Every structure is written in structure tokens, then in C-alpha cells.
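One structure below.
Reminder, nothing fancy here: chain letters follow the sequence lines and each chain counts from 1. Since the structure is predicted, the reported quantities are computational estimates derived from the model, not experimental observations.
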Amino acid sequence: MPPFQAPKGTRDLYPLDAARRRFITEAWRAASIRHGFDEIDGPTFEPLGLYTVKSGEGIVSELFSFRRAGGEDDYALRPEFTPTLARMYAAKAGSLPRPTKWFMAGPFFRAERPQRGRLREFLQWNADFLGLGGDPKTPEEVEAAKAAADAEIIATCVSLLASLGLKPTDVRIRVNHRYALSAWLTTQGVAPERQPDLFKLLDQRGKMPEAQFAAGLGAFGFSPQQAEVFQKGVVRITTDDPQARDSVLDLTLFSHAVLPLANQFAQMGIVDWIDFDLTIVRGLAYYTGMVFEVHEAGGAERAIAGGGRYDGLVELFGGPATPAVGFGMGDVVLALVLQDKGLMPPDASLLEAAGQRPDVFVLSNGTPQAEVWVRPIVAQLRAAGLHARHTYKATRNIGKLLKEAGDAHARVAVIIESPQQATLKDLGTGVQTPVPLAEACRTVQGLIAR
RNA sequence: GUGGCCAUAGCUCAGUUGGUUAGAGCACCGGGUUGUGAUCCCGGGGGUCGCGGGUUCGAGUCCCGUUGGCCACCCCA
């Protein structure tokens with residue numbers, strides 16, 4: 001074993017790995033900005049107490065926490081962004097616009113045992129919509145404004161997925177609504193105090209045999225036949241059929257409660273991506289309304305993203321009561337899904353996406369008079385703002401040097417023939433054109449700009 | 001945190017019942033031929049076989065431990 005290696009659950013990123021990651025983070029940023037979110041960030045470590053306030057002391061074993069030698073304060077590497085977000089919002093709430101739309105992308109840390117799709121250090125994209133638009137007054141207006149915000153958050157997520165080449169047949173947004181589910185369950189005879197246990201059962205649906213799941217539901221008064229509705233999970237809701245019914249289980253009340261949301265999805269043109277799913281409950285106690293997860297359509301991999309509405313959280317962190325909705329998406333599962341689907345671009349495009357593709361590769365025909373011009377020409381091109389490279393090899397074999405230029409994915413090669421003359425080669429088309437050396441720099445600029 | 005599987009070159013792997021200085025392809029580096037990304041030829045660097053201990057005359061090979069990876073559980077903010 002080498003004396004040092006990357007800590008468990010962390011990654012060394014070599015150039016292509018870094019380009020792959022940048023491909024994802026650039027897509028995150030672009031989707032956020034496209035949808036009108038402003039970028040923020042916070043510290044990568046926080047006082048330990050910031051996390052125990054929301055999640056209890058039990059969370060500590062999942063954190064990387066530490067105390068400075070000789071210090072008295074406990075800190076933790078951030079495992080999530082929401083507490084920082086709530087704190088930042090609370091501190092300036094009075095002067096912030098309503099709604100406030102913020103996003104961030106950065107590293108997070110969790111002291112978990114790593115496995116596929118789950119590491120100890122990862123990148124996460126967060127987008128949050130705090131407050132409501134339209135200054136709603138009546139309860140109906142508030143609900144409508146929340147549905148609009150919920151849908152906007154999901155639309156941002158969909159936009160990102162689509163921008164990476166994913167289609168509704170590849171990934172599904174599975175949406176549920178805590179209040180709607182709860183109210184409906186009450187009408188089905190499940191008392192509110194028993195619902196948390198039912199939620200836990202629903203959450204674990206995929207991890208047990210169907211019979212066991214059905215038996216579990218039996219304890220809450222559902223027949224095996226009715227259990228099938230939960231088994232499938234998916235509820236059909238169409239805007240032109242608000243009275244949609246299921247033959248064995250009357251879901252009218254649930255459907256009615258999520259109709260505003262369904263209408264918003266229709267308006268935003270993302271209904272194709274959405275399934276209403278009774279089994280999406282998410283572990284967190286603080287979700288107060290809509291909750292959603294993004295999954296690979298065939299159930300492969302872990303959840304790609306998850307989020308929901310958390311109307312009480314800003315207040316918990318000392319701010320004014322503020323309705324809020326948001327989500328987080330990690331880079332690890334997303335990258336796996338893109339690879340599974342063959343959507344991770346080939347190296348050349350990756351370099352392009354990362355802004356690292358060389359514009360021009362300079363070489364000479366090997367004669368001493370030409371060779372001395374290589375570095376001055378490279379310097380000129382760089383001074384003109386181009387990404388220019390030359391070889392560090394000893395060989396002056398033109399074939400090998402052109403191979404090197406091609407391997408580097410350069411767009412253009414400049415072959416210096418003499419102190420007066422050069423040949424420009426477009427490495428994409430293979431077309432060569434002679435050009436005076438003095439004009440080479442300007443001509444290359446013209447080619448690149450095109 | 002619990003349990004299972006795995007570990008030979010940068011990558012993919014071979015390595016006989018335990019038997020000499022541990023191999024191949026690709027990749028990388030250098031040289032050569034053909035003035036053009038190819039092909040071809042020659043050469044090279046790289047491994048204390050993840051690490052540590054044990055059994056043995058002898059361990060890449062068998063045993064134990066450890067580290068890391070993968071998988072399931074827990075959890076998933």
C-alpha cells in the first residue's frame with residue numbers, strides 16, 4: 001500500500017475525471033441561472049449545533065465533526081446545505097426580495113459507509129425558493145402560490161435533466177404531498193398518530209417482498225387488494241378528470257388536494273416527467289407539503305435528487321415564518337445514470353464543455369530555422385487570448401506531432417515551415433492552407449472565431 | 001455501526017498440485033521509416049503481487065489480521 005491514499009469514500013480526480021465533474025457542475029449552474037436563481041455559498045464547516053438543532057443528537061455519528069486543538073467549540077463539515085441556507089436567509093430576511101431564489105453547488109461530507117452512488121465527499125446542487133410570489137392573502141391564494149413555487153422548483157430540476165440529454169423515459173419525477181396524503185389517510189381510517197409508522201412502511205416498500213408489504217398495510221386496515229394500489233404507488237391524475245377514481249381505493253380526496261400542483265405541471269410543460277406516487281414520503285420530519293424524488297425510470301441506482309416543501313424551517317433557525325421549497329441533487333448518482341445511459345460525452349466534447357480544448361497546436365517542420373519560431377508563435381497566440389500548446393517531446397517527426405495535436409483535441413495545427421512561411425491545418429476537416437508566418441496568429445484567430 | 005465478496009503494471013487480465021530473476025495486450029516514454037493525425041519496426045520505464053504477520057526448505061498461490069473497493073442492512077438531511 002502506498003504510504004498515503006485518498007481517504008475512504010473520497011475521490012482523486014485526474015484531468016478527465018475533473019472534466020466529467022465540471023460537465024455536471026456547469027449544467028447545474030446553467031439550469032439554475034436559466035430559471036432565475038442567484039448563486040450563493042456558505043462555509044464548508046459550521047458549528048456542530050447547527051445540525052443537531054434540526055436533526056437531533058443522533059445525527060452526530062453521521063458527521064465529520066472536530067474540535068480545534070486547544071479550542072472549545074465543536075464544528076462539523078457540512079452534511080447538507082439547508083441549515084446554512086436557513087441561517088443566511090434568517091439573517092437578512094427583512095431586506096431580501098420575495099420570493100428569494102437561491103442556488104449553490106459545492107462539496108458536502110457524510111461519515112457513511114461508502115457504496116455505489118454514495119461517498120463520504122460529494123458535490124451537491126441545491127436550489128431553493130423562499131417566500132411566495134404574488135403577495136397571496138386568502139388561503140386559496142396561498143395554496144396556489146405554493147403550488148406554483150413547488151412546480152417551479154421541479155421544473156428547474158427537469159430542465160437540468162433534459163439539458164443533459166435525459167428523457168421522461170429515462171428518469172421519473174415521483175411526487176407526493178404530505179398534507180394530501182395525510183388528509184386522505186385520515187378519511188381512510190388511519191389516525192394521524194399512526195401515520196408516521198405507515199410512512200415508514202411506505203418508504204421501505206421496495207425492500208420487502210410484496211406479501212410482507214401487504215401484510216404491513218393490513219395492520220392499518222387495508223385489504224391485500226387495496227395494498228396493490230400502494231404497491232404500484234402511481235396515481236393517475238389528469239387535469240381534465242379531477243374526479244379520477246380507483247376501483248378498489250377511493251383516491252378522490254387525494255387527487256383533489258394535488259390538483260393545483262398538477263395544473264402547474266401542465267402549465268410548465270413538464271407533466272410527461274411526473275408520476276404522483278403515494279410511497280414517496282422521504283425520511284425527514286420537517287417536510288410540510290409537496291415532496292419529490294427523481295429516480296432512474298427502471299429503478300436502477302439510488303435517488304438522483306430529492307426535495308420538498310419545508311415551511312417551518314426558516315423559523316426554526318431564528319427567521320420569520322417563511323414558506324420554502326427546495327431540493328438537492330448529488331453528482332455521484334447523476335454521473336452513474338449518465339454513464340448507464342451513454343450520455344456522458346466523449347473526451348473531446350468533455351474538454352469543450354470544460355473550456356479546456358486547445359485552440360491551436362504549434363509545431364515546426366523540424367528545420368532549426370523553423371523550430372526557433374515555435375515558442376514565439378505560441379507566445380503570440382497566447383497573448384491574443386488563445387489556448388495554444390506545443391510539444392515537449394524531442395522528436396520532430398511531423399506525423400507524431402500531429403498525432404499529439406489530435407490527441408490533445410486541438411482545433412488547428414500551425415506548422416512552421418520557415419521564418420517566413422507556415423501551414424495551417426484544420427484538425428477537424430484536415431484542410432491545409434499556406435499562410436505567411438507573420439499572418440499566422442491573425443488567421444488562426446479568424447478560424448477559431450468562426 | 002453489522003454481514004458477505006474481492007485485491008497481480010496506469011487499464012483489462014494470465015500466472016500449473018506452493019518451485020528459479022512475475023507475464024501479455026493496451027496505455028505511456030524514447031528512437032527509426034513514410035512531409036501529415038494511420039500502419040509498421042526497434043528500444044525503454046514502470047510491480048517489494050494492497051499492507052503486516054504466520055505456516056513452509058520455498059508463498060502471487062495456504063492461514064490470520066489490517067487497509068481499501070464492491071454488495072446488502074442501518075441511514076439517506
Side-chain angles (χ1 to χ4, degrees), chain A residues 1-12 14-17 46 50-56 58-63 76-86 108-120 122 124 126 128 200 203-204 206-208 280-287 291 293 295 301-308 310 313 316 326-330 332-333 336 348 361 363-367 370 391-417 423-432 434:
Chain A
M1 183 174 54
F4 295 106
Q5 53 186 315
K8 181 195 291 202
T10 66
R11 298 169 283 184
D12 289 331
Y14 293 90
L16 276 175
D17 309 311
E46 293 272 15
L50 187 72
Y51 301 113
T52 54
V53 162
K54 190 189 95 182
S55 311
I59 196 71
V60 174
S61 65
E62 307 291 330
L63 301 178
L77 297 181
R78 63 182 180 192
E80 60 166 325
F81 194 64
T82 310
T84 302
L85 175 92
F108 290 87
F109 309 86
R110 297 178 187 176
E112 299 181 290
R113 189 132 171 195
Q115 52 186 277
R116 184 176 177 85
R118 188 163 81 173
L119 298 175
R120 291 185 157 191
F122 55 94
Q124 192 179 75
N126 287 267
D128 291 271
K200 194 170 174 69
D203 197 34
Q204 297 186 322
K207 294 186 176 174
M208 58 180 76
I280 299 296
V281 292
R282 299 195 54 72
L284 284 304
Y286 62 75
Y287 285 118
V291 290
E293 288 180 359
H295 287 264
E301 311 295 358
R302 296 167 173 280
I304 298 166
Y310 51 98
L313 213 55
L316 182 64
F327 73 92
M329 177 186 291
V332 183
V333 177
L336 287 172
F361 195 98
L363 59 146
S364 80
N365 63 357
T367 62
T391 191
Y392 291 94
K393 293 187 205 293
T395 183
R396 298 204 177 149
N397 180 316
I398 290 178
K400 287 198 172 172
L401 295 179
L402 283 171
K403 172 170 159 49
E404 186 180 350
D407 289 346
H409 306 292
R411 297 164 200 274
V412 178
V414 172
I415 306 167
I416 300 172
E417 308 289 359
T423 302
L424 257 53
K425 177 163 187 167
D426 183 318
L427 290 169
T429 62
V431 174
Q432 298 195 165

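- Closest contact between the side chain of A:E417 and the listed nucleotides B:G35, B:C71, B:G37 involves B:G35.
- Contact between the side-chain N/O atoms of A:K425 and the OP1/OP2 oxygens of B:U36 is not found at any separation under 4.0 Å.
- The pair A:E112-A:R118 meets the salt-bridge criterion, since a charged nitrogen lies less than 4.0 angstrom from a carboxylate oxygen.
- Among the heavy atoms of the strands, none lies under 4.0 Å from A:L401.
- At B:G37, none of the side-chain N or O atoms of A:K400 fall inside 4.0 Å of OP1 or OP2 (strictly under the cut-off).
- Across all non-hydrogen atoms, the minimal contact from A:F361 to A:A410 is CB-CB, 4.0 Å.
- Between B:G3 and B:A22, the distance separating the two C1' atoms is 35 Å to the nearest Å.
- When every heavy atom of A:L63 is checked against every heavy atom of A:A111, the shortest pair comes out as O-CB, 3.7 Å.
- Whole-Å rounding puts the A:D12 CG to B:G10 P distance at 14 Å.
- Place A:G9 and A:A405 on RNA chain B by their nearest nucleotides, and A:A405 ends up nearer the 5' end.
- No donor-acceptor distance shorter than 3.5 angstrom exists from the side chain of A:D426 to the backbone of A:V431, with no hydrogens or angles considered.
- Rounded to whole Å, the distance from CZ on A:R396 to C1' on B:G32 is 16 Å.
- Between the side chain of A:R110 and the backbone N or O of A:P79, at least one donor-acceptor pair lies under 3.5 Å.
- Distance check on atom C1': B:C49 versus B:U61 gives 10 Å, rounded to whole Å.
- Counting non-hydrogen atoms under 4.0 angstrom, A:Q432 reaches a base of the nucleic acid.
- Contact annotation: A:Q115 reaches the phosphate of B:A72 (side-chain N/O to OP1 or OP2, under 4.0 Å).
- Taking side-chain N and O atoms only, A:K200 has a distance below 4.0 Å to OP1 or OP2 of B:C75.
- Counting heavy atoms from C-beta on, the side chains of A:L402 and A:K400 never come closer than 4.5 Å.
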Problem set entry | Test side-chain contact (heavy atoms from CB on, under 4.5 Å) applied to A:V60 and A:Y51, step by step | CA-CA 8 Å; A:V60 174; A:Y51 301 113; over 6 Å; no

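- Among B:G68, B:U36, B:C70, the nucleotide with an atom closest to any side-chain atom of A:R116 is B:C70.
- Distance CD (A:E404) to C1' (B:U36): 15 Å, rounded to an integer number of Å.
- Rounded to a whole Å, the CG atom of A:N397 is 9 Å from the P atom of B:U36.
- No contact: A:D407 has no heavy atom under 4.0 Å from any strand.
- With B:G35, B:G68, B:C74 as the candidates, the nucleotide lying closest to the side chain of A:K8 is B:G68.
- Nearest-nucleotide positions on RNA chain B for A:Y51 and A:L427 put A:L427 closer to the 5' end.
- Taking atom OH of residue A:Y287 and atom C1' of nucleotide B:C76, one finds them 11 Å apart after rounding to whole Å.
- Spacing of P atoms, B:U66 relative to B:C71, comes out at 22 Å, to the nearest Å.
- For the pair A:H295 and A:R302, the minimum side-chain heavy-atom distance is 4.5 Å or more.
- For the residue pair A:T423 / A:Q432, no side-chain donor-acceptor distance below 3.5 Å is found, with atom types taken as modelled.
- Backbone-only engagement by A:K393 is indicated by non-hydrogen atom pairs under 4.0 Å involving sugar-phosphate atoms exclusively.
- When heavy atoms are screened at a 4.0 angstrom cut-off, A:G330 is found touching no nucleic acid atom at all.
- Note that the CZ atom of A:F81 and the CD atom of A:E46 stand 8.5 Å from one another [nearest 0.5 Å].
- Comparing B:G60 with B:G23, their P atoms sit 13 Å apart, to the nearest whole Å.
- Comparing the same atom, C1', in B:A24 and in B:A9 gives a spacing of 11 Å after rounding to whole Å.
- Comparing B:A38 with B:A27, their P atoms are spaced 11 Å from each other, to the whole Å.
- Nucleic acid contact class of A:G430 (heavy atoms, under 4.0 Å, all strands): base.
- Note on A:N126: nothing from the nucleic acid sits closer than 4.0 angstrom, heavy atoms only.
- For A:L424 and B:U36, the CG to C1' distance is 14 Å, given to the nearest whole Å.
- Between B:C42 and B:U36, the two C1' atoms lie 23 Å apart (nearest whole Å).
- Candidate nucleotides B:G69, B:C76, B:G35 were compared by shortest atom distance to the side chain of A:N365, and B:G35 ranks first.
- For A:R113 against B:G3, a side-chain N or O and a base N or O form a donor-acceptor pair under 3.5 Å.
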Problem set entry | Pairing pattern in dot-bracket form [Watson-Crick, G-U; both distances under 3.5 Å; | = partner strand] for RNA chain B | (((((((..((((.....[...)))).(((((.......))))).....(((((..]....))))))))))))....

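- Between B:G10 and B:G47, the distance separating the two C1' atoms is 12 Å to the nearest Å.
- In the set B:G69, B:G35, B:G37, B:G35 carries the atom at the smallest distance from any side-chain atom of A:I398.
- We find that CG of A:L402 is positioned 14 Å from P of B:U39, with the value rounded to whole Å.
- Counting to the nearest Å, the C1' atom of B:G37 and the CZ atom of A:F361 are 11 Å from each other.
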